[in-house]
Amino acid sequence: MGLFAGKKGLVFGIANDHSIAWAITEKLHAEGAVMGFTHLPDKDPERPRMEHRLRKLVEPIGAKMIMSCDVQKDDDLDRVFANAKETFGQVDFVLHSIAYAPMEDLKGPTINASRAGFGLSMDISVYSLLAIARRSKEILAPGGSVLTLTYLGGEKVIPGYNIMGVCKAALESLTTYLAFDLGPSGFRINALSAGPIKTLSSSAVGEFDTMLKLYNGMSPMRRNVSAEEVGKTGMYLLSDLASGVTGETLHVDAGFHVMGAPPAGMNLA
Ligand code: 0WD
């Protein structure tokens, strides 16, 4: 029997088959989880590309719910959670794998970010976790768990990550405060800090290829991580195996985050 046999969950943030949320979903499905999914609203309802891309992936794994949701809209979130309650009654886990910053503010330098761009990035990338956690609290089953995705750029300066790094710092702090709020109900919330994975979002972040080379040369394991490895640990954090873990930011990055200088002999050219 799978770890998630009889378990139900909600997944926010699958854009396509490269999305980290999809890698985690595949592992959850393999362990028996049944899930509902949301996608960004399509700009042109005549050509629902976001919905089609999501449907193609999740219908074959028995999706119980597929809805559009812009996390900036309380009405959208209310609709999704009302529907989840109707469909599932209670859910055992909720995955938040969402981030956004306008390109003109993301590309830096950070000091030039606009007030509006900063606010928008914080709203979508950080406040959305709070909004989702608050609604999750109402429908989580005993032992329920929430997971979000973060990156080292929230702890250290990663050139090119810019205001998204500031968002991730806030997201990681928020995870600890939400852990405190959810804990008395027996619910957990954690963040998974993933190494660089090629996805739609990450291609918007500068220097991505350089980062990949850096991980190969500098991480203790001398390599980067795969989406599958992120998927496995994401599944673990949402599972009962992590029943004593909350408020944690767990790095899945081949150890890159522990390094302060490159190993001897690393080609720095
Ligand atoms: O290297 C990477 N790819 C890493 C990503 C390393 C470490 C962490 N992360 C984080 C990201 O910051 C994000 O929080 O993982 C999370 C997922 O990122 P991803 O899998 O790299 O990105 P992607 O496949 O693009 O999914 C993010 C999705 C959006 O996709 P697009 O590319 O269409 O913006 O977040 C969703 C959307 O589906 N999203 C929203 N959902 C609802 N409402 C909104 C919104 N307003 N904005 C973006």
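Keep in mind it's a predicted model, so treat the numbers as computed, not measured. Read the numbers this way: they start at 1 and go in the same order the structure lists the ligands and their atoms.
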**Asked** Does Leu149 approach ligand 1 within less than 4.0 angstrom via side chain, backbone, both or neither, non-hydrogen atoms only?
**Response**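 Near ligand 1, Leu149 shows its backbone as well as its side chain.
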**Prompt:** Where does Thr199 meet ligand 1, judged by heavy-atom distances below 4.0 Å: at the side chain, the backbone, both, or neither?
**Reply:**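 Side chain only; the backbone of Thr199 stays clear of ligand 1.
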**Request:** Any chance you could lay out the side chain to side chain contact (heavy atoms under 4.5 Å, CB included) test for Arg135 and Asp74, step after step, and finish with the verdict?
**Result:** CA-CA 10 Å; Arg135 289 166 175 85; Asp74 283 329; 3.3 Å; yes
**Asked** Are Ser193 and His257 close enough, and set up right, to give a side chain to side chain contact (heavy atoms under 4.5 Å, CB included), and what steps lead you there?
**Response** CA-CA 10 Å; Ser193 184; His257 69 285; over 6 Å; no
**Prompt:** Is the side chain of Ser128 donor-acceptor paired with the backbone N or O of Ile124 at a distance under 3.5 Å, no angle test?
**Reply:** yes
**Prompt:** Do Thr199 side-chain atoms and Ser202 backbone N/O form a donor-acceptor pair below 3.5 Å?
**Reply:**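 Flag set: sc Thr199 to bb Ser202 pair under 3.5 Å.
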**Message:** Could you check whether atom NZ of Lys73 has more than 12 heavy atoms from other residues, nucleotides or ligands sitting under 6.0 Å from it?
**Reply:** no
**Request:** Using a cut-off of 6.0 Å, state whether more than 12 heavy atoms not belonging to Arg222 lie near its atom CZ.
**Result:**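 Enclosed: over 12 neighbouring heavy atoms sit under 6.0 Å from CZ of Arg222.
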Got the closest protein heavy atom to [atom], with its distance?
atom	answer
atom 42 (C) of ligand 1	Cys69 O, 3.2 Å
atom 35 (O) of ligand 1	Ile98 CA, 3.6 Å
atom 38 (O) of ligand 1	Ala15 CB, 4.1 Å
atom 1 (O) of ligand 1	Ile197 N, 2.7 Å
atom 16 (C) of ligand 1	Ser97 OG, 3.4 Å
atom 14 (O) of ligand 1	Lys168 NZ, 2.9 Å
atom 33 (O) of ligand 1	Met50 CE, 3.6 Å
atom 48 (C) of ligand 1	Ala99 O, 3.8 Å

**Prompt:** Between Gly234, Cys167, Ser201, which one has a non-hydrogen atom sitting closest to atom 18 (O) of ligand 1?
**Reply:** Ser201
**Complete:** Among Leu40, Val126, Leu212, closest by heavy atom to atom 37 (C) of ligand 1 is Leu40
**Prompt:** Angle class for the Phe256/Tyr215 ring planes (parallel below 30°, perpendicular above 60°, tilted otherwise)?
**Reply:** parallel
Suppose I only count heavy atoms of [X] and a 4.0 Å limit; which atoms of ligand 1 are within that range?
X	answer
Thr150	7 (C), 8 (C)
Ser202	1 (O), 2 (C), 3 (N)
Asp70	43 (N), 45 (C), 46 (N)
Gly195	1 (O), 6 (C)
Pro196	1 (O)

Can you check whether [X] reaches [Y] side chain to side chain, under 4.5 Å on heavy atoms?
X	Y	result
Ile24	Leu147	yes
Ser68	Glu51	no
Met266	Leu214	yes

**Message:** Polar contacts were defined as any N/O atom of the residue lying under 3.5 Å from an N/O atom of the ligand; does this apply to Gln72 and ligand 1?
**Reply:**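 Not met; the criterion fails.
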**side chain to side chain contact (heavy atoms under 4.5 Å, CB included) between Met65 and Val80, worked out** = CA-CA 9 Å; Met65 185 185 126; Val80 166; 3.8 Å; yes
